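Small disclaimer: the values here were computed from a predicted structure and weren't measured.
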Amino acid sequence: MACARFHVSGRVQGVYFRASTRAQALHLGICGYARNLRDGRVEVLAEGEEESLSALEQWLQHGPDGARVTGVEREEVEGQSLSGFYTR
């Protein structure tokens, strides 16, 4: 299992980005969370198979309709033994 933290910037709040990320993550079998940050970005912590994390990263590059993603940063982190995927 791999675990990564993503920071997504651009117009990503107020456009159902977290809920759409949750749906995509559950479809890919990924556990973790998505939350808004005070600086306007969305943070996503994701744990799952590397192939699934790569697919999620690709999806995060554009996000849902209405989003305008300008950047996605990925940081590998230690496994968290997460279950489920939540929005915060």
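Side-chain atoms of Ser52 come within 3.5 Å of backbone atoms of Leu28 as a donor-acceptor pair (strictly under, hydrogens ignored). The main-chain N or O of Phe85 is found under 3.5 Å from a side-chain atom of Arg22 such that the two form a donor-acceptor pair. Distance alone, capped at 3.5 Å, is enough to place a donor-acceptor pair between the Gln13 side chain and the Leu37 backbone. A side-chain donor-acceptor contact under 3.5 Å links Glu47 to the backbone of Gln80.
Taking CG from Leu56 and CD from Glu51, the interatomic distance works out to 13.0 Å, rounded to the nearest 0.5 Å. Between atom CG of residue Leu45 and atom CZ of residue Phe6 there is a gap of 9.5 Å, rounded to the nearest 0.5 Å.
Under a cut-off of 6.0 angstrom, the local environment of CG in Asp65 is sparse, with at most 12 non-hydrogen atoms contributed by other residues, nucleotides or ligands. Around the NE2 atom of His27, the shell of radius 6.0 Å holds no more than 12 heavy atoms that belong to other residues, nucleotides or ligands. A 6.0 Å sphere centred on CD of Glu75 holds more than 12 heavy atoms belonging to other residues, nucleotides or ligands.
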Step-by-step side-chain contact (heavy atoms from CB on, under 4.5 Å) determination, Thr21 to Val8: CA-CA 11 Å; Thr21 299; Val8 187; over 6 Å; no
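The pair Glu50-Arg74 counts as a salt bridge, with a side-chain nitrogen and a carboxylate oxygen less than 4.0 angstrom apart.
Looking at Cys31 and Tyr86, their side chains never come closer than 4.5 Å, going by heavy atoms from C-beta outward. Within the 4.5 Å cutoff, no side-chain heavy atoms of Tyr33 are placed close to those of Thr87. Put simply, the side chain of Arg5 does not reach to within 4.5 Å of the side chain of Glu76, judged on heavy atoms. At least one side-chain heavy atom of Leu60 sits less than 4.5 Å from a side-chain heavy atom of Phe17. Counting heavy atoms from C-beta on, the side chains of Val69 and Val12 come closer than 4.5 Å. For the pair Arg18 and Asn36, the minimum side-chain heavy-atom distance is below 4.5 Å.
A donor-acceptor pair shorter than 3.5 Å cannot be found between the side chains of His7 and Glu73. Defined by atom type and a distance below 3.5 Å, a donor-acceptor pair is missing between the side-chain atoms of Ser20 and Gln24.
In terms of heavy atoms, Gly48 sits closest to Leu53 at N-CD2, 4.1 Å. Here the closest non-hydrogen pair linking Leu82 and Gly32 is CD1-CA, 3.6 Å. Taking both residues in full, the closest heavy atoms of Ile30 and Ala46 are given as CG2-CB, 3.6 Å, listed atom of the first, atom of the second, then distance.
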